[in-house]
Amino acid sequence: MEDHELKPIIEALLFVASDPVSLDRIHGVLKGVEKNRIKSLLLQLEQEFMLSNRGFHLLEIAGGYQFVTRSDLAPWIKEMERVRAASRLSRPGLETLAIIAYKQPVTRGEIEMIRGVDAAGVLKTLLDRKLVKIVGRKEVPGRPMLYGTTQTFLKYLGLSNLTALPTLKEFSEMADEASVEEAPMLPLGTIEPRVFDEEKSILESSE
Amino acid sequence: MALETPYEVKLEAFEGPIDLLLHLIKKNEIDIYDIPIALITEQYLDTVNLMQSLNLSVAGEFLVMAATLIHIKSKLLLPTPETDDQEEDDPRIDLVARLLEYQRFKAASEAFEVRESIWRDIFPRGDTEAPELLPEEIPISDLNVYDLIGALSDLLARRPDPIVMQVTTETLTVKEKMQLILESLEITESLLFEELFSKVFSRHTIIVTFLALLEVVRLGLIRVIQADLCGSLRLVKTENFGRS
C-alpha cells in the first residue's frame, strides 16, 4: 500500500482508541507493513497535526500514540465538559514520586531515608491515584515491598516513556550550581528539562 | 546575628529536617561541601524551638536530625587522633551526601510540578465523559481537637450574636446536649458538623453544643472525619456507640 493509503488508516486507528496506541498494536493491524515505515508515518502525522492549526495534536505518551488537545484550549474544554481537574500533588507527593521514578524499584525505607520523613501517607495517596504500584519485594530481611511508577504516571506527566525523563545527573549539576553559587533558590527556568521545552512549543497553539 | 533570622522562616514549608537544613544552607549562602556546623546547628535548633513554641507538633525526625547535628559538632570539636590516616572522614560527609541527594530529587520534583501543571490542561481523546473523581490528596482522616476548634471559630465568625430579646435564659446543659447528639445519630448514619448547629442561635448554646461534641468524641462514641482539606466535617458513630 502507498503512504497516502496507510496514513488515513493509522489516523483512524488512533482516532477510535481512547488510550495511547503502541507501534506494536498498529503493526498488529497492518501486518504487511514494516514497523519502521509505520513509525515514520506516525512521525509524519505528528508533524502534520502540529503544523496545521488544529485543536488537537498527536503525541507519543506512555509508550503509544494518542490525540490530545492543545493545552491553551483547556478553558473551553472545561466549560463544555465541566471537567473537574484532579487535585494537584502536594510537595511531599511530588518529591516521593520523583524518588520512585528515578530509583525504582525502591522501598519505602529508601524513600524515607532520602526525604528524612515518614512516607506512609504519601505512598498511599500515590497508590490510590495509581501513579505508583507495588512491583515486588526486596529480598532482604523483612522483604519490604518495592514501588515503581505506572502507565498512569507517564500519562500524568505526558511522558512517552521513562527515558524521556531528564537524567538525575542534570538535576544534580543544576542543584550544585544553585547551592554553591549564591542563588537562593533553584531557578525554575533552568531546570526545565529539554523534552519539556519542545513540547511546550508544540502544545501551545500553532498560529 | 544568627538570632534575628529564624523569625522570617516560613515554618509550614518544611517537609522534613533535611528540607529545613537545605533551607538554612541556602539562606546563609553556605557552600554545601563546607558547612559551618556550629552556625547551622544553632539556627536549626532555633527553628525547631520556634516550631515548638508555636505549638506545632515537631515530628521526631526533626529531633533526630538535631541530635545528629550536635553529634557532628562535638566530633569536630574533638582533636582527631593522630593514629588514623589523614583522610579520616569528615563527620559531615554523610550529611552532605544526604543533602545533595535530597536536593536532586527536590529539583526533579519541581520539574515534575511544571509538567503536571501543563498536562492537567491537556485532554486525551474520549476522556472527558466522566468528571474524574480521583482520590483527593487528603484521605479521610480523623481530626484532632485543634481541627475542631478551628471549625468552631469559623462557625462563630459566620454567626455573629444576633440581637434578640432574650427573655428566658437557656438552661441546656452539656450533658443534655450530649444526649441530643447521640439521639440524633441513632436515626442516621452520620451528621454534618453544621447540622449540629443548624437550629442553634445563641453563642451560649453553640458553645454548650461544642463542649458536648468534644465530650462524646472524648468518650469514643463518635468520630469526626473530613473527606478533603476544605470539606465539611462529618460526625460518625464509632463501634462503641451502642454501648453507651
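Everything quoted here is computed from the prediction, not taken from an experiment. Excluded from the calculations below are hydrogen atoms, water molecules and symmetry mates; all remaining heavy atoms, backbone and side chain alike, are included.
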Report task. With a 4.5 angstrom heavy-atom cut-off, could you sort out which part of A:Asp19 is near chain B: side chain, backbone, both or neither? Result -> neither
Only distances under 3.5 Å count here; give the side-chain donor-acceptor pairs of residues 3-15 of chain A to other protein atoms, sequence neighbours excluded, each with its distance to 0.1 Å.
| unit_1 | atom_1 | unit_2 | atom_2 | d |
| --- | --- | --- | --- | --- |
| A:Asp3 | OD1 | A:Arg37 | NE | 3.2 |
| A:Asp3 | OD1 | A:Arg37 | NH2 | 3.0 |
| A:Glu5 | OE1 | A:Glu2 | N | 2.7 |
| A:Lys7 | NZ | A:Gln44 | OE1 | 2.9 |
| A:Lys7 | NZ | A:Glu48 | OE2 | 2.5 |

Query - ring pair (Phe, Tyr, Trp, His ring centres under 6.0 Å) partners for A:Phe67, two or more places apart - result: A:Phe49, A:Phe56
**Report entry** Spatial distance of atom CD1 (B:Ile18) from atom CD1 (B:Ile25) [nearest 0.5 Å]
**Finding:** 10.5 Å
Report summary line: Applying a strict 4.5 Å limit to non-hydrogen atoms, the region of A:Lys103 in contact with chain B is side chain
Query raised in the report: Hey, are A:Asp24 and A:Lys35 close enough for a salt bridge, meaning a charged N less than 4.0 Å from a carboxylate O?
Result: yes
Query raised in the report: Can you say whether A:Ala101 sits under 4.5 Å from chain B via the side chain, the backbone, both, or neither, judging by heavy atoms?
Result: side chain
Query - Stepwise side chain to side chain donor-acceptor pair (under 3.5 Å) check, A:Glu95 with B:Tyr102 - result: CA-CA 9 Å; A:Glu95 281 178 21; B:Tyr102 177 70; 2.8 Å; yes
Query raised in the report: chain B: which of A:Pro92, A:Pro20, A:Pro75 shares the most heavy-atom pairs with it under 4.5 Å?
Result: A:Pro92
Query raised in the report: Where on A:Leu126 is there a heavy atom nearer than 4.5 Å to chain B: the side chain, the backbone, both, or neither?
Result: neither
